[in-house]
Colleague: 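I'd like to ask you about the structure that follows.
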Amino acid sequence: MKTDLESARAFFRRSPFMVDLGVDPLAVGEGTMSTALVVATRHLQHTGQVHAGVMAALADHTMGAAAQTLAPEGRWALTAELKTSQLRPGKGERLVCDARVLKPGRNISFTEAEVWAEAAGQRTLVMKASATMALAEAK
C-alpha cells in the first residue's frame with residue numbers, strides 16, 4: 001500500500017466491517033497508521049462504555065494497515081496472533097488508534113497499537129495491543 005492518506009482510506013473502504021464501524025484513517029507513514037472512530041450508541045455495551053471488541057477491531061485493522069505499508073508487493077498482512085489489554089473503560093466522543101510496525105519481515109511482521117479515548121479535549125489511554133501479522137500471498 002502506498003503511504004498517502006487517500007490510499008489508506010481506499011484500503012479501509014475495502015473492509016465492510018471497518019466501514020460499518022465507522023473507522024477512518026487520519027495519518028499514514030511507512031510502518032505507521034493512525035485511525036479514528038466517532039463513538040456512537042451502536043459501539044457501546046450495556047455498561048455505557050465502548051465494547052472491548054470494537055476497540056480490539058480498531059487496533060487490529062490499524063496494525064494490519066501499518067504492516068501493509070511495508071508488505072512486499074503481492075502480499076497481504078493478515079492477523080496471525082492478537083493480544084489486547086484494556087486499561088480503562090472506553091468512554092468519550094471519539095477513539096483514536098496509533099499503530100506501528102516494530103519489526104517488519106518477509107513473512108511476518110510484529111506490530112503494536114495504542115487506543116485513546118477523547119472526551120472534552122482530554123485524551124486517555126484505554127487499550128494497548130500487539131499483533132503478529134502473517135504476510136500471505138495475495139491471490
Side-chain angles (χ1 to χ4, degrees):
M1 172 175 45
K2 295 178 185 173
T3 57
D4 63 275
L5 196 51
E6 188 47 45
S7 294
R9 288 184 175 143
F11 179 80
F12 274 75
R13 283 193 300 266
R14 285 193 297 268
S15 176
F17 185 52
M18 290 298 107
V19 171
D20 186 55
L21 283 178
V23 178
D24 190 36
L26 298 176
V28 60
E30 289 192 21
T32 64
M33 180 71 64
S34 293
T35 58
L37 178 150
V38 175
V39 175
T41 303
R42 72 179 194 269
H43 299 124
L44 305 180
Q45 62 176 344
H46 63 283
T47 61
Q49 67 192 41
V50 176
H51 194 287
V54 170
M55 294 189 292
L58 173 65
D60 178 37
H61 203 77
T62 305
M63 289 185 288
Q68 192 65 49
T69 67
L70 298 176
E73 189 68 34
R75 293 193 172 239
W76 287 113
L78 303 172
T79 307
E81 179 183 42
L82 174 66
K83 181 197 183 303
T84 63
S85 296
Q86 187 165 341
L87 307 173
R88 293 174 190 81
K91 292 186 177 185
E93 294 97 35
R94 182 169 94 144
L95 298 177
V96 174
C97 181
D98 298 316
R100 64 204 140 280
V101 175
L102 297 176
K103 186 193 178 299
R106 286 180 297 157
N107 297 310
I108 59 171
S109 289
F110 296 94
T111 62
E112 70 177 9
E114 296 175 335
V115 178
W116 301 83
E118 294 181 340
Q122 296 282 79
R123 198 171 173 185
T124 304
L125 181 64
V126 294
M127 180 176 276
K128 292 278 286 182
S130 61
T132 301
M133 298 292 167
L135 303 175
E137 282 189 46
K139 294 184 182 192

Colleague: With no hydrogens and no angle check, is any side-chain donor or acceptor of T32 less than 3.5 Å from a backbone partner on V28?
Modeller: no
Colleague: Looking only at atom types and distance, does a side-chain atom of S34 sit under 3.5 Å from a main-chain N or O of A27, one as donor and one as acceptor?
Modeller: no
Colleague: What are the two closest heavy atoms between A77 and A67, and how far apart are they?
Modeller: CB-CB, 3.9 Å
Colleague: Does Q68 reach the main-chain N or O of R75 with its side chain, forming a donor-acceptor pair under 3.5 Å?
Modeller: yes
Colleague: Without swapping roles, check the side chain of S15 against the backbone of F12 for a donor-acceptor pair under 3.5 Å.
Modeller: no
Colleague: Look up atom CE in M33 and atom OG1 in T69, then write down how far apart they are to the nearest 0.5 Å.
Modeller: 6.5 Å
Colleague: Before giving the answer on side-chain contact (heavy atoms from CB on, under 4.5 Å), spell out for Q49 and L44 the whole-Å C-alpha distance, their side-chain angles and the decisive distance to 0.1 Å.
Modeller: CA-CA 5 Å; Q49 67 192 41; L44 305 180; 5.8 Å; no
Colleague: About how many Å separate NZ of K2 and CG of D4, when rounded to the nearest 0.5 Å?
Modeller: 6.5 Å
Colleague: Enter the distance from H51:NE2 to Q86:CD here, rounded to the nearest 0.5 Å.
Modeller: 9.5 Å
Colleague: Would you confirm whether T62, through its side chain, and A59, through its main-chain N or O, come within 3.5 Å as a donor-acceptor pair?
Modeller: no
Colleague: Quick check for you: to the nearest 0.5 Å, what is the distance between Q122 atom CD and T124 atom OG1?
Modeller: 6.5 Å
Colleague: Is the shortest side-chain N to carboxylate O distance from E6 to R13 below 4.0 Å?
Modeller: yes
Colleague: Following the transitive rule for hydrophobic clusters with a side-chain heavy-atom cut-off under 4.5 Å over Ile, Leu, Val, Met, Phe, Trp and Tyr, establish whether W116 and V126 coincide in one cluster.
Modeller: no
Colleague: Within this structure, what is the CE-CE distance for the pair M55 and M127, rounded to the nearest 0.5 Å?
Modeller: 4.0 Å
Colleague: For A120, is there any backbone N or O sitting under 3.5 Å from a side-chain donor or acceptor partner on E93?
Modeller: yes
Colleague: Working to the nearest 0.5 angstrom, can you tell me the gap between L95 CG and L37 CG?
Modeller: 5.5 Å
Colleague: Over all heavy atoms of both residues, which pair between R94 and A36 is shortest? Give the atoms and the distance, please.
Modeller: NH1-CB, 3.9 Å
Colleague: Where do S109 and P104 come nearest, in terms of heavy atoms and distance?
Modeller: OG-CA, 3.4 Å
Colleague: Do T111 and L102 come within less than 4.5 Å of each other through their side chains, counting heavy atoms only?
Modeller: no
Colleague: So do E112 and K83 actually touch side chain to side chain, heavy atoms under 4.5 Å?
Modeller: no
Colleague: Checking H61 side chain against L58 main chain: does a donor-acceptor pair fall under 3.5 Å?
Modeller: no
Colleague: Could you tell me whether the side chain of R42 and the main chain of L21 form a donor-acceptor pair under 3.5 Å?
Modeller: yes
Colleague: Through direct or indirect side-chain contacts below 4.5 angstrom among Ile, Leu, Val, Met, Phe, Trp and Tyr, which residues connect to M133?
Modeller: M63, L82
Colleague: Taking all atoms of both residues into account, what is the closest heavy-atom pair of L135 and A71, and its distance?
Modeller: CD2-CB, 4.1 Å
Colleague: Count I, L, V, M, F, W, Y as connected when their side-chain heavy atoms are under 4.5 Å apart, and connections chain through other members. Are V115 and F110 then in the same cluster?
Modeller: no
Colleague: Just checking, any donor-acceptor pair under 3.5 angstrom between side chains of S130 and K128?
Modeller: no
Colleague: What's in the same ILVMFWY side-chain cluster as L70, cut-off under 4.5 Å, chained through other members?
Modeller: V101
Colleague: Out of curiosity, does V19 fall in the hydrophobic cluster containing F17 (side-chain heavy atoms, cut-off under 4.5 Å, transitive links)?
Modeller: no
Colleague: Could you tell me which non-hydrogen atom of M18 sits nearest to which non-hydrogen atom of A57, and how far apart they are?
Modeller: CE-O, 3.8 Å
Colleague: Is there a path of hydrophobic side-chain contacts, each under 4.5 Å between heavy atoms of I, L, V, M, F, W or Y residues, that connects V50 with L26?
Modeller: no
Colleague: If you look at every heavy atom in P25 and L5, which pair is closest and at what distance?
Modeller: O-CD1, 3.9 Å
